[in-house]
Each structure stands twice: as structure tokens, then as C-alpha cells.
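Read through the structure below, which is laid out as C-alpha cells, and then see the notes.
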Protein chains: 2
Amino acid sequence: MNDRAGPKRPGAQNARDGDTELRILDAARRVFIRRGTAGARMQEIAAEAGVNQALLHYYFRSKDRLAATVFAEAAFRVVPAIADLLGSSATIEEKVERFVHLYIDAVRQSPFLPGYLVAELHQQPKRLTAMLEAAGPGARAAVGTIRRKLGRQLRDAAAAGTIRPIAPEQFFVNMIALCVIPFLARPLLGALLGMDARAFDDFLDQRRAELPGFIIRGLRS
Amino acid sequence: MNDRAGPKRPGAQNARDGDTELRILDAARRVFIRRGTAGARMQEIAAEAGVNQALLHYYFRSKDRLAATVFAEAAFRVVPAIADLLGSSATIEEKVERFVHLYIDAVRQSPFLPGYLVAELHQQPKRLTAMLEAAGPGARAAVGTIRRKLGRQLRDAAAAGTIRPIAPEQFFVNMIALCVIPFLARPLLGALLGMDARAFDDFLDQRRAELPGFIIRGLRS
DNA sequence: GTCTATATTGTGATAGAC
DNA sequence: GTCTATCACAATATAGAC
């Protein structure tokens, strides 16, 4: 993916079970996600990967590169599926329902990802900009295409009287907001409402079921 | 509020303009909010307050205490107004409209607060728990009271056929989500959609106007 | 109360043996 | 490729003069 100066991988064969680089990356993911880039310690990552600190630098050269790798991976994990869905030819109602299910089911697998991403985006907004430029003009172009297509669909539906007029950005942001909020508010829900893991799970199930209807009624005229 | 071992304030009279402690706290707020607790540097805070690093320790003893002070202040800034509103005797429709306006207008004054809070909550979930315990049982009791009252109101409205049945937690979380998301997603909106300060402002105005209707229609049966 | 050192530890990164 | 040892500097915190 990105040029790593470090190792040439001929017939990499390790003392331990699998691929060391991967074990390091896995550990880095976990540590960065829960501590944030600034709060993470190379030592903690090394310990969690079962190797020593020097190896992290051997494979990833610096903390900053390792952090950038983890961030880029995380940022682009959910995007493709969402983009496909929103750009598809399904009706608005279908898109809403599928989006809610797709998103909640996906993020449930990594419930701390949204908190991590919001924190990073907030604390280092330039990283994303840099990443997008590095990704070339294709990325932004793709966003623009989907936005126009979705906007057209929403206009047509409004003209047909199915829904009220709404800007595609507002529509999209509304869906994201309603789906992602439980994960961002997880600590609050726990502390304030005494919600434990089980209760949180029920809360998510309920949302998954109710949200599509709530959104679609909100769109109707 | 919390016991600071440091200064006894008899007739504090400074070389500079105003109260030094306040200037430090202001600077700390700004720095912690944009860098996060882990990423903030005492040196940067000192520079931004126009004093030297030793004074920070004189007034706040340690970075951790300073961070805790800033966090507690931030966490309890918006809460009281929201609690009053939700516990009031207004109708659901009135509450929705007032909440949206109140919340967006308030957070607009400090647009980086939500990102900071989410980051801190995510990276140090224990801080909130500790704070709540320190605040005594009154805090949680107040939450419980409001939740029950709001729940009753929602049940009554549902029984009367005005709205669909909905749990008070879901109702509340929906409103928060839709109001707070623009601030959390601000970096994304900028990078992906090319939204500048002006466009973001328009985006907020549009939401402020459309959100109440969207939510209320979503609640209706 | 406020400053200039300075102590002390934490932390990313490198050298070099194996 | 992986380790141990260590460097170099960043960062919190304290001592003590004014």
C-alpha cells in the first residue's frame, strides 16, 4: 500500500507462529484505538505484540508512520460498502433500511472505531486532508459523483411527492448521526444511565429496528 | 469546587492585567480542547497564558489536576439548560423545537467542545465515572428523575395517539445525535465535501430550521 | 506570586551483537 | 529478523532566588 523503507520480505520465517509484522500491526491497532495517537506508547504496543520495541521501528520506522498506517486502514474500512450502497439504484426507502442495518452491524464488530476516528479527526484534522491528497483526485471525484447521484434521486422523489425536499448532505449526515451516536456515547450511557454491556446490546437492537421507520417518516411530506 | 493545595488568595494583586489563575485556566481550556489531554503540553499552555511553566504547577499542582478541572467544567457546561428543558412541562413538540435551537446555538459558541468531550470520554472513560461519584448521588438521581418524567410524557402522548411509542433514551439520543453530528464531523465535511467556514455556517442554519420538523414527523404515528 | 534554573523521569529512536 | 543496551531529547515537576 504505502512504501515502507524497512524490510525486504524474501522468505520471511519467524521463530513465533505467524507473521511478525501483522502481529505488530494488530497490537498497534488495539493500542492506538483505545489510547489515541498521542496517548499511545510504543512500549505498550510492543508488549501487546509480544516483541520488543526495536522491532516496531524495524518494520514501521517511526511512531508517526505506524499511527498513519493504522488511521488510514481504519478510515477506509467502512467507506467502500457505504459508497456502493448510496450510489446504487435502490429506492430511498431501501437505502435507508439497508444503510442502518449495514452500518450498525459493521460497527458492532469494532465498537471503539468511531470514538477513535472522531478523536483523531478532531486532534489532527490535517492527517485526513493529507491522506486524501495522497490518494489522488479519484477519492474526491468519487464523493462528488455519489453526492450528485443521490441529490438527483432525492430531488426526483421530492418532485414525485414521495418525500420532502432535502439536500443530500443533510440526508446523509442524518443517517450517519443516528447510527453512530450509540458508539460515541457509549461511555456516557454507561456512566449516566448505568447501561452495561447487555443493556447496550439491547439498546442497539432496538435502534436497528426502529431507526429506518423513524428516518423515513421524517423524510415524508 | 475541588481543593487546590496551592495559593491562599488574600489580596491577590498581579503585575499583569487580571487574575493569573483565570488566564491559565483559559489557556488550558483552549489547549486541552484542541490537543486532547494526552497531546497537550504544559509548555504550550504556559506560553498561551503568557506565563512560565512553574506557575501552572503553583496554581494547579499537576497536569492531571488541570486536565480534570478543564474536563469537569466542559462536561457540565451544557447539561443544566438541557436538563431544565427536558424536565419542563412543555409538550414533546415544543421540547424538540426548543432543544434543537438551544443546543445548536449553544455549541456554536464552542464548536470544538463536542470533539474534545468525545475524545476524552473515549480515551479515559473512568474520569467521568469518578467525577459522578465525587458529585455525590444527587447527579444520578436527577438523571433518573428526568428520565422517568420524560418517559411518562412519551407514554401518555403515545396513548393519546399523538406519537408512536418510544423509549425516553432513544428519543433523547436521537435529538442529541442529530444536533451534535455537524460539530463532530466538521473535519470530514471540510475535507470530503470541501466545506469552508461559510458553508458550514449555512449548513448549520439549514439544520436548525429543518431538524425539528424531521424529528417530529419521525415520532408521529 | 512570579521568575530562572534544574532535577527526574518518560519516551521515541538507533547501534550493534547474535 | 530479533534481541539488549543505550542515546538524545522531550516533558512534568520541583527548588530556590527575587
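Since we're looking at a predicted model, the values are computed, not measured. Throughout, a chain's letter reflects where its sequence line sits, starting with A, and its residues are numbered from 1.
Rounded to an integer number of Å, the gap from A/Ile24 CD1 to D/dC3 C1' is 13 Å. The interatomic distance linking A/Asn52 (CG) with D/dT6 (P) rounds to 15 Å, in whole Å. Rounded to a whole Å, the CG atom of B/Leu22 is 13 Å from the P atom of C/dG1.
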- Whenever both distances are under 3.5 Å in a Watson-Crick or G-U wobble pair, mark it; put DNA chain D into dot-bracket that way, with [ ] for crossing pairs and | when the partner is on another strand. ||||||||||||||||||

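In this structure, A/Arg29 and A/Asp26 have side chains that are in contact, with non-hydrogen atoms separated by less than 4.5 Å. For the pair B/Phe76/B/Val79, a side-chain contact is recorded, criterion being any heavy-atom separation below 4.5 Å from C-beta on.
Comparing atom distances between the B/Tyr59 side chain and each of C/dC3, D/dC3, C/dG1 picks out C/dG1 as nearest.
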- Query: Which nucleotides of nucleotides 11-18 of chain D have their base under 4.0 Å from a protein heavy atom (B), which only their sugar-phosphate (S), and which neither (-), written as one string 5' to 3'?
  - Reply: SBBB----

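Every residue was checked against the ring pair (Phe, Tyr, Trp, His ring centres under 6.0 Å) condition with B/Tyr116, not counting sequence neighbours, and none meets it. Residues passing the ring pair (Phe, Tyr, Trp, His ring centres under 6.0 Å) test with A/Tyr103 are A/Phe99, sequence neighbours excluded. Considering only residues two or more places apart in sequence or on other chains, B/Phe32 meets the ring pair (Phe, Tyr, Trp, His ring centres under 6.0 Å) condition with none of them.
Ion pair A/Arg198/A/Asp202 flagged as a salt bridge, since at least one NZ, NE, NH1 or NH2 atom sits closer than 4.0 Å to an Asp/Glu carboxylate oxygen. Salt bridge status for A/Arg108 with A/Asp205: present, with a side-chain N to carboxylate O gap under 4.0 Å.
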Which pairs of donor and acceptor atoms, one on a side chain in residues 184-193 of chain A, lie under 3.5 Å apart (sequence neighbours left out)?
from     : atom 1 : to       : atom 2 : distance (Å)
A/Arg186 : NH2    : A/Met195 : O      : 3.0

